[in-house]
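What follows is one structure encoded as structure tokens, with my remarks underneath.
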Amino acid sequence: MPVESASVADRLLHYYDCHARRLPWRAPPGTNATDPYRVWLSEVMLQQTTVAAVIPYFEAFTARWPTVADLAAADDAALMSAWAGLGYYARARNLLACARVVARERGGRFPSSEAELRGLPGVGAYTAAAIAAIAFGARAVVVDANVERVVARLFAIATPLPAARAEIRQRTDAITPEARAGDFAQAMMDLGATICTVRNPACGICPLRETCAAFATADPTAFPLKAAKKARPQRSGDVWWIVRDDAVWLERRPAKGLLGGMRGLPTSAWIADASPTPKPTTSIQVPIGAPIGGQWDRLPMPVTHVFTHFALSLTVHIGTADSDCTMPGDGEWWPLAAIGDAGLPTLFAKVADAVMNREDALCRRLPQP
DNA sequence: CACTCGTGGTT
DNA sequence: TAACCAAGAGT
């Protein structure tokens, strides 16, 4: 077929046949061995998460839980710990719920239709379409952030996101082929990840540049247009590092909400801060709201962490509990030597690191005059 | 539609 | 360095 008359899908599939990224969840070239379990697991892990971050987690999960039945039988705490560090922990809770539905109610087989997939926990419009197309060969319209960018540029869509979503979906539908919709979707994502990037796109080697409306403009990166974003507020609070007999007190956080279901250190409430940036702790005083009595040391600098919608600064308080001390709340004494196995989310892993690796920097209690 | 919900890499 | 952003879902 002459290049001039090749469709967008034709060019993209040829690009994919020559340049597809080799990724652990993709079948080897020339084979059709698509395991829906692996497709589903990879798609959930890849939600709002980069390929580089996902790969080691995907390898660890598939080695430990080779089938959806294995995953369904996993211990809740073990799964949450295995997910620790990957973020968006509702995905891990929904992953387990979904695995148990598939294992117990569907004989361990994922549904093949987009509509049925859409009803599973943690499977939204994107993931249902991606699984239907990639794992089951269905023609589904797969729209993620890469596709949004590529399509917005292909057609120079002037409407800003998120209002442009309907038009982008319609355009994507129009260029999605009947056959190989899964390869087409993965080709779009490969293109978006490696050529049609947010900044500095490699238009010179793009297989679609001849028909790209944005390439014909002065600045292809102007697309997609986006609505202005809100400023990220600053919050601050206290975190308590309580040691007893070479163990630290860890809590199990409530199942819902921020870091829901994960282990963590006890903290105060996090209060909106008038100051836009965290400040070093300056005053020596008995901290308010400590879980136990006694005296406290304190790290000279707070631990800072940036979440999606706010930034946090935690003052780290260090105390010692008596051997017969009764702790409030749902928690356990975790051996300090095994703190790396506690499955702490990054925020609390930062606190642990700050305490255990910079003990020389402690703010010692001032001697009483 | 608007908001919550993590983290790490890139620029 | 501060900002931006990633194979989005749930409410």
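So that the names make sense, note that chain A is the first sequence line, chain B the second, and so on, each numbered from 1. These numbers come from the heavy atoms of this one structure, side chains and all, not from hydrogens, waters or symmetry mates.
A distance below 6.0 Å separates the ring centres of Phe307(A) and Phe310(A). Separation of the Trp241(A) and Trp249(A) ring centroids does not fall under the 6.0 Å cut-off.
Mapping Asn200(A) and Lys350(A) onto DNA chain B via the closest heavy atom, the residue that lands nearer the 5' end is Lys350(A). Projected onto DNA chain B by closest heavy-atom contact, Gly85(A) and Pro162(A) fall at different nucleotides, the more 5' of which corresponds to Pro162(A).
Side-chain atoms of Asp70(A) and Thr67(A) include a donor-acceptor pair closer than 3.5 Å.
Atom pair Met262(A):CE and dT7(B):C1' shows a separation of 12 Å (rounding to whole Å applied). Distance Leu312(A) CG to dG6(B) C1': 12 Å, rounded to the nearest Å. The CG atom of Leu347(A) sits 11 Å away from the P atom of dG6(B) (whole-angstrom rounding). Rounded to whole angstrom, the span from the CH2 atom of Trp270(A) across to the P atom of dC5(B) amounts to 9 Å.
The one candidate from Gln47(A), Arg118(A), Glu43(A) that meets the side-chain hydrogen bond (donor to acceptor under 3.5 Å, both in side chains) condition with Thr127(A) is Gln47(A).
Candidate nucleotides dC1(B), dC3(B), dT7(B) were compared by shortest atom distance to the side chain of Lys230(A), and dC3(B) ranks first.
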Base-contact (B) and sugar-phosphate-only (S) positions in nucleotides 3-11 of chain C, heavy-atom cut-off under 4.0 Å, - elsewhere: --SBBBSS-
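Looking only at distances, a side-chain donor or acceptor of Arg93(A) sits under 3.5 Å from a matching main-chain atom of Gly260(A). No donor-acceptor pair closer than 3.5 Å links the side chain of Arg253(A) to the backbone N or O of Gly261(A). Side chain of Arg153(A) to main chain of Phe215(A): no donor-acceptor pair is present (N/O by atom type, distance under 3.5 Å, no hydrogens or angles).
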Please assess Trp40(A) against Phe110(A) for the test ring-ring contact (aromatic ring centres under 6.0 Å, His included), listing each intermediate value before the final yes or no. CA-CA 9 Å; Trp40(A) 161 74; Phe110(A) 281 85; 5.0 Å; yes
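A heavy-atom distance below 4.0 Å to DNA chain B is reached by none of the residues of residues 56-71 of chain A.
Between dC3(B) and His309(A), no contact under 4.0 Å exists linking OP1 or OP2 to a side-chain N or O.
Base contact: Leu86(A) has a heavy atom under 4.0 Å from a base atom.
Spacing of C1' atoms, dA7(C) relative to dT11(B), comes out at 22 Å, to the nearest Å.
Annotation: side-chain contact (heavy atoms from CB on, under 4.5 Å) contacts of Ala20(A) (sequence neighbours excluded): Tyr16(A), Arg26(A), Asp190(A).
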